[in-house]
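Take a look at the structure below.
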Amino acid sequence: MNIEEIENRLIGHLAAILSVQADEIAPDASLEALGVASMALVEMFVFIEKEFGLELMSAGLEREDLATVHSLAQAVARNI
Amino acid sequence: MKNKRYLTGLDWIIQGLNSATGRKTGTGNCSQIVLELNGTINETAFQDTAQRFAAAFPVLKGRVSRAWTLEPYWKIPRHSEGSFIRTEVHRMVGDASPDQVFQTLEKLVNTPFQSNREYVVLHLLHLSGNRCCVALTFDHRLLDARGAEQFLQLFSQFASGAITLEEIKGASVSEQPSLLNGWKDRFESGRTVMRSMREFSEFEAARLAPEDGCEAKGTFILHPLNREQSTAFIEKAYKEAGYLMFMPYTLGVATEIFDRLCQRKNKPGGYIIPCTIDLRGTDTSLRKMFFNYCSMFFFKVDQTEVSDRNGLVKNLKQQYFNQTKAELPQHFQNMMVLTRILPVRVFDWMMCRHMRHCFGSFSFASVGGSLFEQDKFWGIEIENLFHMPQIPPQTGIGFFFNQFHGRINIGISFREGLIDATDKAEILNMLAELH
């Protein structure tokens, strides 16, 4: 699975969490600026576990990994 | 406009809490939002505008009723004539200190509504130095905290002419299906929640409130941080709990403070923490302004875990993840639909007798950002926005974190007598170390 596919899946789910259209989320937009707080982030971690089989909650991700959808997708790709 | 809005299970919990709180303290399950303004408002204009604004909301004249199918609903008058928002104007004498202003605000939120069908009151407090406060005291049966922020924001927009009464009318009460279907699904949700809660009911939870609840009035500690302090606090939270993990960090901080109080008062046991979450997400539509759109997480902490903050926060994060994965807040919401069959008084009795562990050791809520987006109210700069929620007497104490325009307010609400002056000094010292 390439980064773009992972990004698209993450954006689809994030859009549902934030109640916005998927095309309103740019891969390089800051998650914090999009309104992602702890609840939404935990929901994303749950989605990633179900979708990609990765437990990222306790994987020690750095701030840079959670900066944007693109960086989160890279972190997922690294751990698959 | 529909004259019937079915109540959800969460609305019914609030009805039960209102009964339990009112029975003990004389005031129901209410709260207050306060805006500190750097200017003054003409009181006649304030009162007139409030009355014109009220005309958009027949829901303010509503009451609970039951359909022939026994489902409770909010009966909304078909016409808005007679909708009324009581306004009160207060003047602080001379150069009132911030403590005196705060005591006045405390008094307002402890004043019972004038009838069982009054749900909001608007207060205007004139302060010295050409400043004022606007406080909205509200009943949780009609508004939750974020809905109340939205209500106040709408009032300001209406006052400044940014929105008309016609635009507001009809847009402000969501349709709510009767929820008479899906019984099997609701019982399954109940089974999921009960399985999770079983370990809680066997856990001896420490409490500051007496066994049968505390009848004293609600009292508050407010610790507002300036922008620099708030930035430092958030950075510390992200460093210790992980990026964007503000809520687990603040929950850890609240648990540490509560633990210190329990140690001082020799209250043994672990901690059960019901944590309110808003289910609106980023949906800010007016249709979700009235009634309740929240659910609960329940956290459990052993007293021995509290001394290690990293371990504590890690544990809380894992519980947060596990409960989100198990969709516990959604199951809780779904299960509570079943309770609507009970009359409020019976539900109140059941909560206090058989679901006491649900009240937990202390209440907790952490709101990332305020729904109140404007930086002005009635054209006047807002210096701060904070909440003063009453805590159910069975719990007695709660911790609240809210952010407004990059500033954090840390609020502690408690029944008078549960925290003394020495406790308060120690709490403020603990908080000062965090920024």
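Note on naming: letters A, B, ... go to the chains in the order of the sequence lines (proteins, then strands), and numbering restarts at 1 for each one. Here the structure is a predicted model, which means the values were calculated and not measured.
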Do you know which of A:Leu31, A:Leu61, A:Leu41 has the most heavy-atom pairs under 4.5 Å to chain B?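 Most heavy-atom pairs under 4.5 Å with chain B: A:Leu41.
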If you count the non-hydrogen atoms of other residues, nucleotides and ligands that lie under 6.0 Å from NZ in B:Lys314, is the total more than 12?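 At most 12 heavy atoms, drawn from other residues, nucleotides or ligands, come within 6.0 Å of this atom.
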Return yes when atom CD of A:Glu55 has more than 12 non-hydrogen atoms of other residues, nucleotides or ligands closer than 6.0 Å, and no otherwise.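 Yes, CD of A:Glu55 has more than 12 neighbouring heavy atoms, counting only those of other groups under 6.0 Å.
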Please round to the nearest 0.5 Å and tell me the distance separating atom [atom1] of [X] and atom [atom2] of [Y].
{"X": "B:Asn322", "Y": "A:Met57", "atom1": "CG", "atom2": "CE", "value": "8.5 Å"}
{"X": "A:Phe45", "Y": "B:Lys317", "atom1": "CZ", "atom2": "NZ", "value": "7.5 Å"}
{"X": "A:Met39", "Y": "B:Cys275", "atom1": "CE", "atom2": "SG", "value": "9.5 Å"}

Could you name the residues of residues 247-256 of chain B that have a heavy atom within less than 4.5 Å of a heavy atom in chain A?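 If one takes a 4.5 Å heavy-atom cut-off, the residues of residues 247-256 of chain B near chain A are B:Met247, B:Pro248.
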Which portion of A:Glu62 sits near chain B, non-hydrogen atoms under 4.5 angstrom: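 Neither the backbone nor the side chain of A:Glu62 comes within 4.5 Å of chain B.
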Could you walk me through whether B:Glu235 and A:Arg63 pass salt bridge (charged side-chain N to carboxylate O under 4.0 Å, His left out), step by step? CA-CA 11 Å; B:Glu235 281 307 312; A:Arg63 191 178 187 136; 3.0 Å; yes
Establish, from distance only, whether the side-chain atoms of B:Tyr243 and A:Glu64 form a donor-acceptor pair under 3.5 Å.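 Side-chain D/A pair, B:Tyr243 to A:Glu64: absent.
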